[in-house]
There are 2 protein chains.
Amino acid sequence: MDTRAPAPDPAAKWVTLPSWLITQTALHAHRLVTDGLAAVDARGHHFRLLAELDRIGPVSQATLGRSSGIHLSDVVAALNELADRGLVERTPDPVDRRRNTVTITAAGRRQLRRQERRLARVQEELLAPLSLPEREQLTRLLGEVLRHHSGRD
Amino acid sequence: MDTRAPAPDPAAKWVTLPSWLITQTALHAHRLVTDGLAAVDARGHHFRLLAELDRIGPVSQATLGRSSGIHLSDVVAALNELADRGLVERTPDPVDRRRNTVTITAAGRRQLRRQERRLARVQEELLAPLSLPEREQLTRLLGEVLRHHSGRD
DNA sequence: GGAAATGGTTGGCCCGGCCAACGTTCCGAT
DNA sequence: ATCGGAACGTTGGCCGGGCCAACCATTTCC
């Protein structure tokens, strides 16, 4: 068959619903990010975890999950993959034996830099059609909406 | 354990990346839409299919999939569910026996109205923190980005 | 000392987007 | 007129990201 992503008929009225515009734009953004990260053998979770690890230093998996907004069960899985690649180290916490202390390795930091470079280019690509003030407008508005829906929902 | 959606630490620098803002806002939008539709026992695909069916009249599944931007294999599944609920009718096309002609029923149209009402309220909820001109700005900018990434990728 | 909370792990579900394979039917070019 | 390629419908499967439940070990609080 086809088989490819068909773009919906622009005449449909629902394609102008804000919820549609946002989720659809997000789909493209997600694709760009996914592809960009895949080019350095990573996925979204990997980046977020490494970035937080680099920012806040060695922590337990639970606090890492909290500060990166990733569900603990997913943290476990992603951390396994990162550890397999030697980008991260898991060592038992001597003071609290329930905990694993997770530390980013030098290789992990290098990989993080690669990912950051990649993602920077993705932003450029994503917002290509917008002028600089428009980009700022957009991020401001999105930030506003996001903040509103973050405190409580 | 927790178990709840943790919000990432706002101090992380990656939470200001446009790609993050968009996908994250989309997550909230998606939740609102999903919940709204679930309240009338529907999902996104159902709405899109019914809406297109109502707009363009009886068509084959393939063209329906194209005009609603849904992969054919997913159209089949969603159509099964709609047919089970009596919201849609599948009749073999006499002139081309490969095709099924899909028609929205009266009940389907009523259900569509319910969904539309629901979704209208979702938009309100989603954009609550924005003023009217801001909402227009946002939809304009998103539309722009979306258009840019739709021609080709 | 014992109940409750916390940490890690495993296994599973959902939605939406996608792909591959297969049988049926139709159509166009030779 | 035939025969190859294309379109149609269907099934079954994969992926990413978000989530939940259950479970055991450990620790903290009463």
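Remark: the Arg90(A) side chain and the Gln61(A) side chain contain an N/O donor-acceptor pair separated by less than 3.5 Å.
Across the protein-nucleic acid pair, Glu81(A) atom CD and dG16(D) atom C1' stand 11 Å apart, rounded to whole Å. Distance Ile70(A) CD1 to dG17(D) C1': 10 Å, rounded to the nearest Å. Residue Leu82(A) contributes atom CG, which lies 15 Å from atom P of dG8(C) at whole-angstrom precision. The interatomic distance linking Asp35(A) (CG) with dC18(C) (P) rounds to 12 Å, in whole Å. Nucleotide dG17(C) holds its C1' atom 11 Å from the CH2 atom of Trp20(A), rounded to whole Å. What separates CG of Asn80(B) from P of dG9(D) is a distance of 12 Å, to the nearest Å. Computed from coordinates, the Leu72(B) CG to dG12(D) C1' distance equals 14 Å when rounded to whole Å. Per the geometry, CZ belonging to Arg66(B) stands 8 Å off P belonging to dG9(D), to the nearest Å.
You'll find the side chain of Thr23(B) stays beyond 4.5 Å of the side chain of Leu27(A), heavy atoms only.
Checking dC15(C), dG17(D), dG17(C) against the side-chain heavy atoms of His30(B) singles out dC15(C) as nearest. Here dT9(C) is the nucleotide among dG9(D), dG18(D), dT9(C) with the atom lying nearest to any side-chain atom of Val76(A). If you check dG18(D), dG17(D), dC20(D) against the side chain of Arg31(B), the one that comes closest is dG18(D).
If you check every strand for non-hydrogen atoms under 4.0 Å, Ser73(B) touches a base.
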Could you list all N or O pairs between the protein and nucleotides 25-27 of chain D that sit under 3.5 Å apart?
{"unit_1": "dT26(D)", "atom_1": "O2", "unit_2": "Arg98(A)", "atom_2": "NH1", "d": "3.4"}
{"unit_1": "dT27(D)", "atom_1": "OP1", "unit_2": "Arg97(A)", "atom_2": "N", "d": "2.8"}
{"unit_1": "dT27(D)", "atom_1": "O4'", "unit_2": "Arg98(A)", "atom_2": "NE", "d": "3.4"}

Listing time: all N or O pairs from protein to nucleotides 2-4 of chain D that are below 3.5 Å?
none

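With hydrogens and angles ignored, a donor-acceptor pair closer than 3.5 Å exists between the side chain of Asp74(B) and the base of dC18(C).
Of the charged side-chain nitrogens involved, none lies within less than 4.0 Å of a carboxylate oxygen, so that Asp93(B) and Arg98(B) do not count as a salt-bridged pair. The pair Glu52(A)-Arg55(A) meets the salt-bridge criterion, with a side-chain N (NZ, NE, NH1 or NH2) lying under 4.0 Å from an Asp/Glu carboxylate O. Salt bridge status for Arg113(A) with Asp54(A): present, with a side-chain N to carboxylate O gap under 4.0 Å.
When the side-chain nitrogen and oxygen atoms of Asn100(B) are compared with OP1 and OP2 of dT10(D), one or more of them lie within a distance under 4.0 Å. Applying the 4.0 Å criterion to OP1 and OP2 of dG18(D), one finds that Arg48(A) has a side-chain N or O inside that range. Listed pair Gln24(A) / dG16(C) fails the phosphate criterion, with no side-chain N or O lying under 4.0 Å from OP1 or OP2. Phosphate contact (OP1/OP2 of dG18(D), side-chain N/O of His45(A), threshold under 4.0 Å): present. For dG7(C), the OP1/OP2 oxygens have no side-chain nitrogen or oxygen of Arg90(A) closer than 4.0 Å. Contact check, Gln61(B) against dA7(D): no side-chain N or O comes under 4.0 Å of OP1 or OP2.
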Check the pair Arg121(B), Glu116(B) against salt bridge (charged side-chain N to carboxylate O under 4.0 Å, His left out), reporting the backbone distance first and the verdict last.
CA-CA 9 Å; Arg121(B) 287 172 38 199; Glu116(B) 285 171 341; over 6 Å; no
Check against salt bridge (charged side-chain N to carboxylate O under 4.0 Å, His left out), Arg140(B) and Glu144(B)
CA-CA 6 Å; Arg140(B) 187 183 73 75; Glu144(B) 212 112 335; 3.6 Å; yes
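Considering CG of Leu37(A) and CZ of Arg118(A), their distance stands at 9.0 Å, rounded to 0.5 Å. With rounding to the nearest 0.5 angstrom, the CG atom of Leu127(A) is 5.5 Å from the CZ atom of Arg135(A).
Exactly one residue among Val40(B), Leu82(B), Thr105(B) makes a side-chain contact (heavy atoms from CB on, under 4.5 Å) with Gln111(B). That residue is Val40(B).
Across the interface with DNA chain C, nearest-nucleotide mapping of Leu27(A) and Ser60(A) shows Ser60(A) to be the residue nearer the 5′ end.
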